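What you are looking at is a predicted structure, and each value in this text was computed from that prediction instead of being measured.
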Amino acid sequence: MKSPVSLRRKHRFPPPALTALAGFCVLMMCLGFLRADPSVTAVLSNQLFDTYQQLHPRPATDPPVVVVDIDETSIDRLGQWPWSRAVIARMVNRLQLLGAAAIGFDIVFSEPDRLSPARAVEDLRRRGVGITLPEGGEPLDNDNILAAALSASPSVLGFALTDESHIAPNAAKAGFAYGGSDPRFYLPPFTGAVRNIEVLHKAAPGAGFFSFSPSADNVIRSMPLAAVANGQIYPALAVESLRIAQGAQGFALRGNDASGEGGGGSHGMTSLRVGSLDVPTAADGRMRLYFSGMPQMTTLSAADLLEDTNTARIRQAVEGRIVLVGTSAVGLRDIVATPVAAAMPGVTVHAEIIDQIIAGAFLQEPDWAHGTLLLVTLLCGLMLILIATRSGALASAMMLAGLITGLVAMSWIAFTRLSLILDPVGAVVTLVIVFLLLTPLRLALENREKRIVKGAFGRYLAPALVERLAREPSALELGGETRRLTVMFSDIRGFTTLSEGMDPQTLTSLINSFLTPLTDVLLRREATIDKYIGDAIMAFWNAPLDIEGHEEKACRAALDMVKAVELLNASRQEPIRIGIGLNSGEACVGNLGSAQRFSYSALGDSINLASRIEGLTKLYGVTIAVSDFTRQAVPSLAFLEIDNVRVKGRAAPVRLYALVGDETVATSQIFQALAERHDAFLDHYRRGDFSEANTRLVSLRQGAPAELQGLYALYAQRLEELRAYPPGQTWDGVYTARTK
C-alpha cells in the first residue's frame, strides 16, 4: 500500500474527481441563474432567432393588407409634411370608394390643421380685419372635413402610448371581455399618450396604438396587442384594424387562469380574439412577430393614390383589403430595425402583424419549453463533465461541439417545422462555461499550455486593434453615431508638378517634412486626424470626444498650418503652397469599414462638402476657404466672402468665405475698410450691376493684398464674360462648379 505522502506527491494538481465536482457546482449554479431569470441570455437568444427568421422567413402570402406610403416622392409632389387635412380626407374618401375593408393610420393627428382656412380667417379677424363669408360656401375647417370623411369610412386612427407623457389617451373605441384575472394587472402599462384631436377621434370608428416595444438593442421583435393607460385597455392598431374590417364590436382576452386552468402562480394572458381570429400571446399580451418580408404586398405611393386616374388598377389593389397609411420618408423618422431588416418603415411592421394573424402563422414558446430545456441542459452538462474528466482537451472540445450542434439543430427543427421557440442559448452558454472551467483544470493536470485570447485574435486583427480589444471588447463592433463635426481637408497646390523629377527618397522626405509640422499643429488644436492621402490630410473635430468651440479651433488650426508652411518655405528655394477647406455639419462617425478591417472615420454630406470646398481653393486662388456653416460659429476672426457656390453633387448653394486672419486682423482698420469695399463689390455683382461691380473691382485690386489677387482676377474674368454675354433675368449670382 502506498503511503499518504506518495499519494500527495502524485496528486499535486486536483484529481479528476475534484475537477468533476467543480464542474458540477458550476453547472448547478448556471441552472439556478437560468431558472431564476431566463432573460440573462436574451441578447444572444434574440440574435439566434433573428438569424432563424432571416434564413427561414414566414411563408409569403397574398396579403390582405395594402400600404399607402407617404414616401419621398409623395412629399416632392404634394408638398412638405404635414399635409392639409383636406388632402388626407380626399385620401380617405377615395379609399372608401375603392372598397377598402379598413383604413388604418400609422400617424397621429395631435394638433389642429395649421393649413385650415378657418384658422387663417380667425387669425385675420383677431387682427381686426373684417371678413364676411358667403353663406352656403365650402367648409373652411379642414379638421371637420377630415372628420366627415372618417365617420363615413371604416377608418382607424393611430395614437402613441408613452411613458414620457401624463396626458390621458382618448376614450377607447372598443370594449374588452376577459376570462381569468383582470388584464390590467399584467398588460404593459403606460402613463400617457400622444393623442388625436378630439374632433377626429370622435369621428373615426376605430382607434389603436402603434407604439412598438423594442428590445434592449432597439430591434422590434414583438408587439403588445393590448396595453393599459389611465385605467383603460387599448388595442394595437393592427388588431383594431382587423376588428373594423370584420365589423366586430370588441375583443376577448383569455388569461392563463381562465376556466380553472391555473396560472402557475403568475397571472398572464394566453390569447386575444378579434372577430373570428384567435391570436396566441405571451403572458404580458405581446405577440412574437414572424416576418415574411411581404414580397407580394402592394405598396401605393400616396401621390399615386391621389393623382392616378387609373381607378381600375388602384381598385384591384385596394378592394376588400385593409389599407394602412404610413410613411417611409426618412425625414419623418418612422423607420425601425427588425430581425430581417436594419431599416424598415414602421407601417410595414403593422402590415406584417395583420398578415401574420390572418395567415395564422404564429411563433409560440410553449409553457413546458423552459423546464424541458433546463432538464436537457443538466443532462448535456453531466455528459460533458464525464468526458472532460476522463479524456483530453480535444475529446472534450469535440463533445462540446457535438452537444451544441445537437441543441441548435433541435431548436432549428422546432422553429422551421413546428413554429416553436425552443431557446438553446442558455444550455449552450452553460456548456461553454463548464467547458471553460474544466479544460484549464484538465490541461493543468497534463501540464499543457493554454492558448490565450490575444494569440487567437492576432491572426485576424492588426496588433493595435488586438490591444484595444483587450481593454475594450466593444470596440470591435461596427457602427457609429451622428455628431456635428468640423471637417478639414488640405493638400499641396501643384503637387504633381512639384514632385516631377524627384526620386522616391527625396519625395518621401518632402512629404514627411511637410506632414509632420502640420500634424503637430492639428494635434495641438485637438483635432482627430482621420487619414493621410498622399500629400493631403483629412481631420475633424468634436469626435470621438466633445470639443467645445470646435469650429473656432479648426479655423485657428488652419491659420497655424499656413504659418507652419511659411516656416518650412523659409528653408526652400521653391515654396510650397497649400489649400485648406473647412465645413461644419452632421456626419456619421465611428468604426467604419468591413467586418475584417475598420477604422475610426467619418462620412456624410458634410464631409463631401468640406472636400469640395478644399478643391475650390484652387479656383478662387485663396489658401483657406470656409463654409458659412463654420463661419457663423466664429464671428471673431477675419473672413471675406468669396462666392455663393453650387458645388458638384449638391443641389443647394453654399456661401464660401476666405479666412484671412485672426481677431487682430479682423479688428484692424485696414481689414475693415477692405471688407466694406469687398462687400459693396459683391452686392453690385449679385444684383447684376456688372458695370458698377467692375468699377469697384478695379479699385479693389489696386490696394488688395497679394493673397486676394487671384480671387479678384477670377472675378475680373467673370465680369468681362458677363458684360459681353449678359445672363438676363435668370441671373441669381450663384456660381455652379463643374468639377470636384
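- At a threshold of 4.0 Å, the pair Arg77-Asp71 does not count as salt-bridged, since none of the basic side-chain nitrogens sits closer than that to a carboxylate oxygen.
- For the side-chain hydrogen bond (donor to acceptor under 3.5 Å, both in side chains) test, no residue two or more places apart in sequence or in another chain qualifies with Asn230.
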Hey, can you pull the donor-acceptor pairs under 3.5 Å for the side chains in residues 96-109, sequence neighbours left out?
unit_1 : atom_1 : unit_2 : atom_2 : d
Gln96  : NE2    : Ala152 : O      : 2.3
Asp106 : OD2    : Val347 : N      : 3.2

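- Side-chain contact between Asp141 and Arg85 is absent, with no heavy atoms from C-beta onward closer than 4.5 Å.
- Nearest heavy-atom pair, Thr298 versus Ala317, reported as atom, atom and distance to 0.1 Å: CG2-CB, 3.8 Å.
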* To do: Assess whether side-chain hydrogen bond (donor to acceptor under 3.5 Å, both in side chains) is satisfied between Gln296 and Thr61, documenting all intermediate values.
  => CA-CA 7 Å; Gln296 300 177 31; Thr61 65; over 6 Å; no
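- Note that CE of Met269 and OG of Ser181 are 13.0 Å apart. Values are rounded to the nearest 0.5 Å.
- Residue pairs meeting the salt bridge (Lys or Arg N to Asp or Glu O under 4.0 Å) criterion with at least one partner in residues 42-68, sequence neighbours excluded, are Asp50-Arg221, Arg58-Glu352, Arg58-Asp355, Asp62-Arg321.
- Atom CD1 in Ile233 sits 6.0 Å away from atom CG in Leu253 (nearest 0.5 Å).
- Of all the heavy atoms in Val67 and Met297, the pair that sits closest is CG2-CE, 3.6 Å.
- The two residues Leu161 and Ala193 make their nearest non-hydrogen contact at CD2-CB, 4.0 Å.
- Taken from SG in Cys588 to CG in Leu603, the straight-line distance is 5.0 Å, to the nearest 0.5 Å.
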With a cut-off of 3.5 Å and sequence neighbours excluded, list every side-chain donor-acceptor pair involving residues 414-431.
unit_1 : atom_1 : unit_2 : atom_2 : d
Thr416 : OG1    : Trp412 : O      : 2.9
Thr416 : OG1    : Ile413 : O      : 3.4
Asp423 : OD1    : Ser45  : OG     : 3.2
Asp423 : OD1    : Val425 : N      : 3.0
Asp423 : OD2    : Ser45  : OG     : 2.5
Thr430 : OG1    : Gly426 : O      : 2.8

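- Taking Ser328 as the reference, Asp69 meet the side-chain hydrogen bond (donor to acceptor under 3.5 Å, both in side chains) condition, with sequence neighbours excluded.
- The structure places CD1 of Ile354 at 4.5 Å from CD1 of Ile322, a figure rounded to the nearest 0.5 Å.
- Aromatic ring centroids of Tyr234 and Phe190 lie 6.0 Å or more apart.
- Nearest heavy-atom pair across Gln53 and Pro339 is NE2-CG, 4.3 Å.
- The backbone N or O of Gly158 lies less than 3.5 Å from a partner atom in the side chain of Asn196, making a donor-acceptor pair.
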* Does the side chain to side chain contact (heavy atoms under 4.5 Å, CB included) test come out yes or no for Phe209 and Leu237, once each step is laid out? -> CA-CA 5 Å; Phe209 65 87; Leu237 176 65; over 6 Å; no
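- Side-chain contact check for Leu157 versus Leu150: some heavy-atom pair is nearer than 4.5 Å.
- Atom CZ of Arg94 sits about 9.0 Å away from atom CZ of Arg315, to the nearest 0.5 Å.
- Side-chain contact between Pro189 and Arg184: absent, with no pair of heavy atoms (C-beta onward) separated by less than 4.5 Å.
- Between Val87 and Leu115, the closest side-chain pair of non-hydrogen atoms is not below 4.5 Å.
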* To do: Determine, stepwise, if the pair Asp278 / Ser271 fulfils side-chain hydrogen bond (donor to acceptor under 3.5 Å, both in side chains).
  => CA-CA 7 Å; Asp278 282 307; Ser271 67; 5.1 Å; no
* Carefully, step by step, assess Val68 and Leu324 under the rule side chain to side chain contact (heavy atoms under 4.5 Å, CB included). => CA-CA 6 Å; Val68 172; Leu324 295 181; over 6 Å; no
* Asked: Would Val318 and Val323 count as a side chain to side chain contact (heavy atoms under 4.5 Å, CB included) if you check the C-alpha gap in whole Å, the side-chain angles of each, and the deciding distance to 0.1 Å?
  -> CA-CA 7 Å; Val318 169; Val323 178; 3.8 Å; yes
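- With contacts defined as side-chain heavy-atom distances shorter than 4.5 Å, the pair Leu272/Val274 qualifies.
- Open room surrounds CD on Gln316; 12 or fewer heavy atoms of other groups in view lie less than 6.0 Å from it.
- Counting heavy atoms from C-beta outward, Pro57 and Phe291 have side chains that stay 4.5 Å or more apart.
- In this structure the side chain of Tyr290 reaches within 4.5 angstrom of the side chain of His56, judged on heavy atoms.
- Taking each heavy atom of Glu307 and Leu78 in turn, the nearest pair found is OE2-CD2, 3.2 Å.
- Residues Gln47 and Tyr52 fail the side-chain proximity criterion, which asks for heavy atoms closer than 4.5 Å.
- Note on residues 237-247: pairs passing salt bridge (Lys or Arg N to Asp or Glu O under 4.0 Å), not counting sequence neighbours, are Glu240-Arg243.
- Of the inter-residue distances, the one linking Leu200 atom CG with Ile197 atom CD1 reads 4.0 Å to the nearest 0.5 angstrom.
- The shortest heavy-atom contact between Val194 and Ser110 is CG1-CB, 4.1 Å.
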* To do: Verify side-chain hydrogen bond (donor to acceptor under 3.5 Å, both in side chains) between Thr281 and Arg288, making sure each step is shown before the conclusion.
  => CA-CA 7 Å; Thr281 69; Arg288 185 74 177 243; over 6 Å; no
* Could you please spell out the steps behind the side chain to side chain contact (heavy atoms under 4.5 Å, CB included) verdict for Ile353 and Met287? => CA-CA 9 Å; Ile353 296 171; Met287 184 185 86; 3.6 Å; yes
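- Side-chain atoms of Thr73 and Ser301 form no donor-acceptor pair, as typed in the model, at a separation below 3.5 Å.
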